[in-house]
A.B. asks: 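Before anything else, here's the structure in question.
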Amino acid sequence: MLAIIACLAGIFAILLLSEMLAQKKLLSGDPRRQFVHIAAGSYIAFWPWLISFNTIAWLGLVMLAVVLLNRRKKLADFYTDVDRKSYGDIFYALAVISSALMTDEKAFFALAMLTMALADGFANLIGQRYGKDWRYKVFGHTKTVIGSMAIWLISMSILG
């Protein structure tokens with residue numbers, strides 16, 4: 001039980017830090033969202049050393065419920081400065097659930113979560129900052145060549 005509390009307290013601390021940084025006007029919009037994405041995912045990657053995969057899946061379900069409730073009731077204000085429709089928060093929780101259910105190897109879960117957190121998070125930041133000239137669309141969503149290169153390089157580094 002103490003391990004579950006430690007897992008949830010870590011996520012709560014990340015959300016609280018994000019809120020404090022936003023209050024001080026140090027983070028807003030996509031960089032704020034990506035801070036939570038990268039920090040939370042990196043923390044979640046090491047949960048298998050604290051709790052079981054079944055417990056991770058249950059916590060993922062709780063995350064999904066909170067995300068869906070937040071979309072209806074606006075409990076936390078992470079998306080007001082984001083200028084596009086995003087379902088990443090829903091897919092994030094689904095990735096935690098599915099990764100926990102698909103493996104029983106701690107290292108594989110960590111690799112999946114770190115790839116989701118670091119590669120996807122930094123690809124977004126790098127693509128938005130440096131990729132304005134080379135863009136393409138996938139399923140109606142704009143991507144950048146440099147963001148795609150960043151996700152590949154970071155993914156390869158994690159796997160290495």
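As a basis for the values below, the full set of heavy atoms in this structure was taken, side chains included, without hydrogen atoms, waters or symmetry mates.
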A.B. asks: To the nearest 0.5 Å, what is the distance between OG1 (T115) and CD1 (I158)?
C.D. replies: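 Rounded to the nearest 0.5 Å, the OG1-CD1 separation comes out at 4.0 Å.
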A.B. asks: Would you compute the distance between atom CE of M149 and atom OH of Y130 and round it to the nearest 0.5 angstrom?
C.D. replies: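 The CE atom of M149 sits 13.5 Å away from the OH atom of Y130.
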A.B. asks: For S42 and L114, work out which heavy atoms get closest and say how close.
C.D. replies: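 The answer is CA-CD2, 4.0 Å.
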A.B. asks: Could you see if L118 belongs to whatever hydrophobic cluster contains I126? Use Ile, Leu, Val, Met, Phe, Trp, Tyr and a side-chain cutoff under 4.5 Å.
C.D. replies: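 Looking at the clustering, I126 is in the same group as L118.
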A.B. asks: Using every non-hydrogen atom in the two residues, find where A123 and I151 come nearest and quote the distance to one decimal.
C.D. replies: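 It is CB-CB, 3.8 Å.
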A.B. asks: Do L125 and V145 share a hydrophobic cluster (ILVMFWY, side-chain heavy atoms under 4.5 Å, transitive)?
C.D. replies: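 Different clusters: L125 never reaches V145 through Ile, Leu, Val, Met, Phe, Trp or Tyr contacts under 4.5 Å.
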A.B. asks: To the nearest 0.5 Å, what is the distance between CD1 (I146) and CZ (R129)?
C.D. replies: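 The CD1 atom of I146 sits 11.5 Å away from the CZ atom of R129.
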A.B. asks: In Å, rounded to the nearest 0.5 Å, how long is the span from CG of D120 to OH of Y92?
C.D. replies: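 Answer for the CG-OH pair, D120 versus Y92, is 9.0 Å.
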A.B. asks: Of all heavy-atom pairs between F109 and A45, which one has the smallest distance, and what is that distance?
C.D. replies: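 Looking at all heavy atoms of both residues, the shortest contact is CD2-O, 3.9 Å.
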A.B. asks: What residue pairs, at least two apart or across chains, pass side-chain hydrogen bond (donor to acceptor under 3.5 Å, both in side chains) with a residue in residues 143-160?
C.D. replies: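 Residue pairs with at least one partner in residues 143-160: Y136-S148.
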A.B. asks: Any chance CG of L159 has more than 12 other-residue heavy atoms, nucleotides or ligands included, within less than 6.0 Å?
C.D. replies: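 Count over threshold, so yes.
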A.B. asks: What donor-acceptor contacts under 3.5 angstrom involve side-chain atoms of residues 53-69, with partners at least two apart or in another chain?
C.D. replies:
unit_1: T55; atom_1: OG1; unit_2: S52; atom_2: OG; d: 2.8

A.B. asks: Counting neighbours of OH on Y43 that are heavy atoms of other residues, nucleotides or ligands and sit closer than 6.0 Å, is the number greater than 12?
C.D. replies: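 Above 12, so yes.
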A.B. asks: Do F122 and M116 sit in the same hydrophobic cluster, where Ile, Leu, Val, Met, Phe, Trp and Tyr count as joined when their side-chain heavy atoms come under 4.5 Å apart?
C.D. replies: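 Different hydrophobic clusters.
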A.B. asks: What about M20 and V36, same hydrophobic cluster or not, with Ile/Leu/Val/Met/Phe/Trp/Tyr joined at side-chain heavy-atom distances under 4.5 Å?
C.D. replies: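 No, M20 does not connect to V36 through the hydrophobic network.
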A.B. asks: Grab the two heavy atoms, one from A117 and one from H37, that are nearest each other, plus how far apart they are.
C.D. replies: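 Distance-wise, the nearest heavy atoms are O-CD2, 3.5 Å.
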A.B. asks: Nearest 0.5 Å, what's the CD1-CD1 distance between I14 and I38?
C.D. replies: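 Rounded to the nearest 0.5 Å, the CD1-CD1 separation comes to 11.0 Å.
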A.B. asks: What are the two closest non-hydrogen atoms of I11 and W47, and how far apart are they?
C.D. replies: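 Closest approach of I11 to W47: CG1-CZ2, 3.7 Å.
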A.B. asks: Can you give me the closest heavy-atom contact between S99 and M113, atom names plus distance?
C.D. replies: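 Between these two residues, the closest heavy atoms are OG-CE, 3.3 Å.
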A.B. asks: Please report the interatomic distance CG(N124) to CD(Q34), rounded to the nearest 0.5 Å.
C.D. replies: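 Output value for this atom pair is 4.0 Å.
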A.B. asks: Hey, any chance L111 and L94 share a hydrophobic cluster, counting ILVMFWY side chains that come within less than 4.5 Å of each other, even indirectly?
C.D. replies: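 Each belongs to a different hydrophobic cluster.
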